[in-house]
2 protein chains.
Amino acid sequence: MTPPPPPATEPGVHAGSAVRRPTLKDVANEAGVHPATASRALNPETRHLVNDETAQRVHRVADSLGYQPNPIARSLKTARSSSIGLVIPDLTNPLFPPIVRGVEDVLGGVGYNAWIVNTDNDPARETAAVESLQNRSVEGFVFATARLHHPLLERLAAIGTPTVLVNRRLAMSDIPSVTGDDAGGVAMAMRHLVDLGHRKIVHLAGPQDLSTGVNRLRAFRQALEDHGLENSPSRLKLCSAWAETAGAKAVTELLDDGVEFTAVLAGNDLLALGCYDALAERGLSCPDDVSVVGFNDMPFVDKLSPPLTTVRIPHYEVGAEAAHLLLERLRAPSRSARSILLPLTLVNRKSTAPPRRL
Amino acid sequence: MTPPPPPATEPGVHAGSAVRRPTLKDVANEAGVHPATASRALNPETRHLVNDETAQRVHRVADSLGYQPNPIARSLKTARSSSIGLVIPDLTNPLFPPIVRGVEDVLGGVGYNAWIVNTDNDPARETAAVESLQNRSVEGFVFATARLHHPLLERLAAIGTPTVLVNRRLAMSDIPSVTGDDAGGVAMAMRHLVDLGHRKIVHLAGPQDLSTGVNRLRAFRQALEDHGLENSPSRLKLCSAWAETAGAKAVTELLDDGVEFTAVLAGNDLLALGCYDALAERGLSCPDDVSVVGFNDMPFVDKLSPPLTTVRIPHYEVGAEAAHLLLERLRAPSRSARSILLPLTLVNRKSTAPPRRL
DNA sequence: CTGAAAGCGCTAACAC
DNA sequence: GTGTTAGCGCTTTCAG
């Protein structure tokens, strides 16, 4: 003799104010139980505390009413928000969207959401963003903005805020991170070049305040040594930014200085792009005159002419793994922090060939 | 005789549980006023209701305590969340990041935030996402996923949910939107081609269930007429997706069918890319044999060979304008809904030239 | 197993 | 101008 269900509201789409959304109390009343019982019945964690029959009734009523728990009220009570902060430099940099999707896809699977903020690499914006996210009670953070020395992240780690880094790491800290195996990637790229017969290889190194920049440079030096190649300082150009212009400038200077090289290992694809520009400007052909390999496998670098050979970083997986790490951390704050190194792959296209000139 | 301020806590960065974050009550106690008064003093909207002296004292105490209002508690009380939902097909499509940043940048300026969800163009995912966002009490939506016929959006509009569309619109509905002026863009592109001397121009039309697809096609036909060009059905290829493969397929079929053309107007850059592929496959050169113009000015299309001439849509501004429209709507729900058409620009690069072959 | 009661932090009537 | 009171919707002791 349950009362007839009320006129079914269109599930999922409620009016701004046309019909008040049902609350837990409504469900409880309708089901003839106390709100606390309804709460227990509806929450998977506590469902076992309530009589199975009652629980089913509550569920039926909830469905028929189109009841949806109010996460805000729940948050206020539990001080948990089912949300995390995802801090990136700039969404329009094609590196980051796959990471974001990786994070969101795994988070979404367990009812979590991410607040995304762009810092444009401005520490002040970053601090403000973190503060604002903390106000919104995020339970943890994923940062793609780590610098080698990063006071904010160090402080966050010190006070135990659940945090996972992606792509980049701090100089010294045990903050869990998910990064590509830069050293491995560089080794692959260098072996590729050496196998092709190249002996004079230059490196366009990225900013040395970021772990990626220093790791790739270090690995380059290691590869030089491993392959018995001369480690001349002239074979190295430090670029102040991961930007096309910086890459072009570096290669132009190399050329102007009369440095001999048949191949260049660019710290990333943007630098490689700049390299293409500078080479073209000097009437040098790629790969006939010089081979170049990039890093990241950005969208459309396969459309360049020649298509860019590059080291692919599994960005989506980076994001997904980071989300897993963070969730794990949130569930069991005690578990020791792990970091993950993801394998990279060389994508061999047309921008590398055996050296023609000495 | 104000009591000495407590030891200053590191502002902005609080421990997970080390020190409890100060609440309004703490501030009120410290300032010797009732929480309600503190609330009024701290809230710009109501600050005028309280004695200026008292208000200043409250502010001082709040600062010294590092007090930050809890948006969750406020939301629960006010039923407003200072957040909106931003629904896009896929963040990894380079079209969308600039839109997202446009939205977030203006929203952030007034204390709003956006929840971003990806639907992968799946209506079921979209419905689920909207529902989940409604649970989170978003105050409104920006949709980049509109189809000509879109029951969900129609329902949302019907019940008065503040909503703004970007890029695409519905067939018939007065939902406010911010889009590029597709008709104008196509007209510019066609005039460009005609001025170059092209008379045989084909159009690779995008999906016809999206407003962009039909608007660009309609404008193409209009341009044919305006310039006195023959409107032969063979000069048109409908593509089932905005994808490179679809573009390649279309052009290949055109070639196979012996259709004569010296220029192609691609519905978007991806289609243009496919066009490049198909042309190359047949040993045809661009722009020597055929000129192509794209649509969108995606990142890196200036790096193709030849660099793609395309119609640029100001995506960032689209997002920014949409945010403004939505905010306005949230402040004054009554104000009549406007839609905005943003001017497009032709980016003339190297992929168009006077026709060589007839 | 279920109900009662309290309270998360804040704001909005309503008094005074 | 300020305090009082109540309550947003939910969870969580604590009793029974």
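In what follows, every chain begins at residue 1, and chains take the letters A, B, ... in the order their sequences are listed.
Residues B:D26 and B:R21 are not paired through a salt bridge, judged by the lack of any N-O separation under 4.0 Å between the basic side chain and the carboxylate. Using a 4.0 Å cut-off between a side-chain N of Lys or Arg and a carboxylate O of Asp or Glu, A:D90 and B:R101 qualify as a salt bridge.
The CD-P distance, from B:Q68 to C:dG9, rounds to 15 Å in whole Å. One interatomic measurement links the two molecules: NE2 of B:H48 to P of D:dT2, which rounds to 13 Å at whole-angstrom precision. Between the C1' atom of C:dC10 and the CG atom of B:N70 lies a distance of 8 Å, rounded to the nearest Å. Atom-to-atom, CG of B:N43 to P of C:dA13 comes out at 13 Å; the value is rounded to the nearest Å. When the P atom of C:dA12 is taken as reference, atom NE2 of B:H34 falls 15 Å away, rounded to whole Å. As rounded to whole Å, 17 Å separates atom P of D:dC10 from atom CD of A:E45. Between the CZ atom of A:R57 and the P atom of C:dC1 there is a distance of 14 Å, given to the nearest Å. The interatomic distance linking A:N29 (CG) with C:dG3 (P) rounds to 11 Å, in whole Å.
Heavy-atom distances to DNA chain D give each of B:V33 and B:K77 a nearest nucleotide, and the one nearer the 5′ end belongs to B:V33. Each of A:A73 and B:G32 lies near DNA chain D, and the nucleotide nearest B:G32 is the one positioned closer to the 5' end. In terms of position along DNA chain C, the nucleotide closest to A:N51 lies nearer the 5' end than the nucleotide closest to the other residue of the pair B:L76 and A:N51.
Side-chain contact, A:N121 with A:T119: no donor N or O sits under 3.5 Å from an acceptor N or O. A:Y112 and A:E104 are not linked by any side-chain donor-acceptor pair at a separation below 3.5 angstrom, with hydrogens and angles left out of the test. At a cut-off of 3.5 Å, with distance as the only test, a side-chain donor of A:S81 or A:S83 sits close to an acceptor on the other residue.
Looking at heavy-atom distances under 4.0 Å, B:T54 makes contact with sugar-phosphate atoms alone, never a base. Using a 4.0 Å heavy-atom cutoff across all strands shown, A:T23 reaches sugar-phosphate atoms only and no base atom.
The nucleotide whose nearest atom lies closest to any side-chain atom of B:R40 is, among D:dC10, C:dG3, D:dT2, D:dT2.
Below the 3.5 angstrom threshold, one finds no donor paired with an acceptor across the side chain of A:R21 and the base of D:dG9.
For B:S39, a side-chain nitrogen or oxygen approaches OP1 or OP2 of C:dT11 to under 4.0 Å. Put simply, A:T37 has no side-chain N or O that comes within less than 4.0 Å of OP1 or OP2 on C:dC1.
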